[in-house]
*Asks:* 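This is the structure I want to talk about, given as structure tokens.
Lettering follows sequence order; numbering is per chain, from 1.
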Number of protein chains: 2
Amino acid sequence: MSLTDTSQSSNCAAMSDVLNRIGDKWSVLVVGILGRSGTLRFNELKRTINGVSQRMLTLTLRNLERDGLVTRTIYPEVPPRVEYGLTELGKTLQVPISGLWDWSAEHHATIVEARANYDARQPGTDNAPAKIAYARG
Amino acid sequence: MSLTDTSQSSNCAAMSDVLNRIGDKWSVLVVGILGRSGTLRFNELKRTINGVSQRMLTLTLRNLERDGLVTRTIYPEVPPRVEYGLTELGKTLQVPISGLWDWSAEHHATIVEARANYDARQPGTDNAPAKIAYARG
DNA sequence: CGGTATCCTGAGAGATACTG
DNA sequence: CAGTATCTCTCAGGATACCG
């Protein structure tokens with residue numbers, strides 16, 4: 001489980017790689033939503049997420065599809081219909097994401113509080129963590 | 001567990017908030033390293049991570065400290081010494097991060113493979129997921 | 001040693017307009 | 001409906017130089 005052990009360095013790369021997908025806020029939302037809805041069309045997803053631009057949703061879905069996490073099924077109809085769903089791999093990803101989700105729900109208040117506390121201690125800045133003026137200890 | 005249920009919408013905000021920290025690759029590494037090392041000095045961390053710039057490590061540590069995830073202890077000596085460690089909250093975060101880490105280790109190869117597969121199917125582009133020219137189905 | 005301040009570049013992301 | 005193309009702008013993040 002070492003982070004720096006060269007024999008495990010591939011894990012570091014794997015983490016970075018996966019985090020690039022997880023860190024993308026839309027990706028997590030898409031996986032989460034598809035996980036419980038089963039399958040949705042493009043605009044259904046767009047409406048559900050509410051805040052994502054068409055461009056970002058497209059890019060997000062393409063990346064997820066590329067990584068083998070979501071399926072994309074085109075129905076050659078008029079008007080066109082495209083449905084998205086989770087692959088088996090995508091479903092397994094839901095487990096650790098769920099863990100993170102639960103942790104967030106449980107400790108978010110604590111973080112917000114810690115943040116407010118920290119900011120209150122900073123003399124110069126209002127709430128941004130920009131300048132830290134050696135106060136502490 | 002609903003992602004869109006308004007009664008749970010605070011969870012969405014919490015997730016976004018937490019993901020902004022988790023999605024930061026350095027944050028995860030710092031938490032992981034501090035978790036197993038217990039406590040480290042600034043340059044020890046910098047050497048261990050190996051690739052992070054001084055600026056980014058400073059910013060990362062400040063944010064983690066602000067969120068109540070790491071402690072920062074200044075020893076007013078000459079030369080100065082500053083030690084970083086995980087708070088109790090930070091230690092609890094290690095659990096879900098560990099889950100994600102394990103998932104990454106287990107499925108990274110599959111993702112890489114899926115990616116190669118996907119790219120191989122794309123006619124115009126070599127390996128970048130830039131242009132998708134309606135091939136599929 | 002452990003930072004802070006400043007400059008600079010480019011990837012990320014919204015808005016908009018067009019297409020099969 | 002489900003995208004693609006382009007333009008723009010912000011800001012994350014590296015390099016560098018200096019300070020307590």
Side-chain angles (χ1 to χ4, degrees), chain A residues 16 19-27 29-30 39-66 70-85 122-125 128-137, chain B residues 16 19-27 29-30 39-66 70-85 122-125 128-137:
Chain A
S16 295
L19 280 177
N20 280 335
R21 192 78 34 250
I22 303 302
D24 185 7
K25 72 193 253 197
W26 303 127
S27 290
L29 286 174
V30 166
T39 173
L40 288 175
R41 301 177 60 170
F42 184 87
N43 276 339
E44 286 176 334
L45 267 170
K46 189 168 185 302
R47 271 191 301 272
T48 304
I49 295 183
N50 195 25
V52 67
S53 66
Q54 191 171 34
R55 190 180 106 96
M56 289 320 295
L57 182 55
T58 301
L59 287 177
T60 300
L61 288 169
R62 283 295 180 285
N63 279 323
L64 288 173
E65 185 198 3
R66 190 168 100 104
V70 311
T71 60
R72 178 168 179 261
T73 313
I74 302 178
Y75 296 89
E77 307 169 351
V78 178
R81 181 161 59 102
V82 180
E83 290 190 341
Y84 295 92
Q122 302 308 315
T125 60
K131 288 172 173 287
I132 283 83
Y134 257 79
R136 203 91 204 295
Chain B
S16 294
L19 279 177
N20 280 334
R21 191 77 34 247
I22 303 302
D24 186 8
K25 72 192 254 198
W26 303 127
S27 292
L29 286 175
V30 167
T39 174
L40 288 175
R41 301 178 61 169
F42 184 86
N43 276 339
E44 285 175 335
L45 267 172
K46 189 167 183 304
R47 271 190 299 271
T48 304
I49 296 182
N50 195 26
V52 67
S53 66
Q54 191 170 34
R55 190 180 107 96
M56 289 320 295
L57 183 54
T58 301
L59 287 177
T60 299
L61 288 168
R62 282 295 180 285
N63 279 321
L64 288 173
E65 184 197 4
R66 189 168 102 104
V70 311
T71 60
R72 177 166 178 263
T73 313
I74 303 178
Y75 296 88
E77 309 170 350
V78 177
R81 180 160 59 104
V82 180
E83 289 191 341
Y84 294 91
Q122 301 309 316
T125 60
K131 287 170 176 287
I132 283 85
Y134 256 78
R136 204 92 202 293

*Asks:* D:dC1 P sits how many Å from A:E44 CD, rounded?
*Replies:*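 Taking atom P of D:dC1 as the reference, CD of A:E44 is at 10 Å.
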
*Asks:* Could you list the residues that satisfy side chain to side chain contact (heavy atoms under 4.5 Å, CB included) with B:N43, not counting sequence neighbours?
*Replies:*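 Only B:K46, B:R47 meet the side chain to side chain contact (heavy atoms under 4.5 Å, CB included) criterion with B:N43.
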
*Asks:* From CG of A:L57 over to P of D:dG3, roughly how many Å is that when rounded to an integer?
*Replies:*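 It works out to 8 Å between those atoms.
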
*Asks:* Provide a list of protein-nucleic acid N or O atom pairs under 3.5 angstrom, restricted to nucleotides 7-13 of chain D.
*Replies:*
unit_1	atom_1	unit_2	atom_2	d
D:dG13	N7	B:R55	NH2	2.3

*Asks:* Measuring from the side chain of B:N43 (C-beta onward, heavy atoms only), which nucleotide among C:dG3, D:dA2, C:dC1 has the closest atom?
*Replies:*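 Looking only at side-chain atoms, B:N43 lies closest to C:dC1.
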
*Asks:* I need the CZ-C1' distance between B:R41 and C:dG2, as an integer number of Å.
*Replies:*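 Value for this atom pair: 9 Å.
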
*Asks:* Indicate whether OP1 or OP2 belonging to D:dA2 is found under 4.0 Å from a side-chain N or O atom of A:R72.
*Replies:*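 So the side chain of A:R72 is outside the cut-off, no N or O lying under 4.0 Å from OP1 or OP2 of D:dA2.
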
*Asks:* Using atom CZ of A:R21 as one end and atom P of C:dG12 as the other, report the distance to the nearest whole Å.
*Replies:*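 Spelled out: CZ on A:R21 to P on C:dG12 is 10 Å.
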
*Asks:* To the nearest Å, how far apart are B:L40 CG and C:dG2 P?
*Replies:*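 These atoms are roughly 11 Å apart.
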
*Asks:* Of all residues at least two apart in sequence or in a different chain, which pass the salt bridge (Lys or Arg N to Asp or Glu O under 4.0 Å) check with B:R81?
*Replies:*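 Residues passing salt bridge (Lys or Arg N to Asp or Glu O under 4.0 Å) with B:R81: B:E77, B:E83.
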
*Asks:* Output yes when at least one side-chain N/O atom of B:Y84 is less than 4.0 Å from OP1 or OP2 of C:dG3, else no.
*Replies:*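 For C:dG3, OP1/OP2 do have a side-chain N/O of B:Y84 under 4.0 Å.
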
*Asks:* Does any part of the side chain of B:L64, heavy atoms only, come nearer than 4.5 Å to the side chain of B:Y84, both counted from C-beta?
*Replies:*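 Side-chain contact under 4.5 Å: no.
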
*Asks:* A:L61 has an atom CG; how far is it from atom P of D:dG3, in whole Å?
*Replies:*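 After rounding, the gap between these two atoms is 7 Å.
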
*Asks:* Under 4.0 Å between a side-chain N or O of B:R81 and OP1 or OP2 of C:dG3?
*Replies:*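 Answer is no, no contact under 4.0 Å.
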
*Asks:* The side chain of B:P80 is closest to which nucleotide in this list: C:dT4, C:dC1, D:dA2?
*Replies:*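 Selected nucleotide (nearest to the side chain): C:dC1.
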
*Asks:* How many angstroms lie between CZ in A:R62 and CG in A:L57, if you round to the nearest 0.5 Å?
*Replies:*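 One finds 9.5 Å between CZ of A:R62 and CG of A:L57.
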
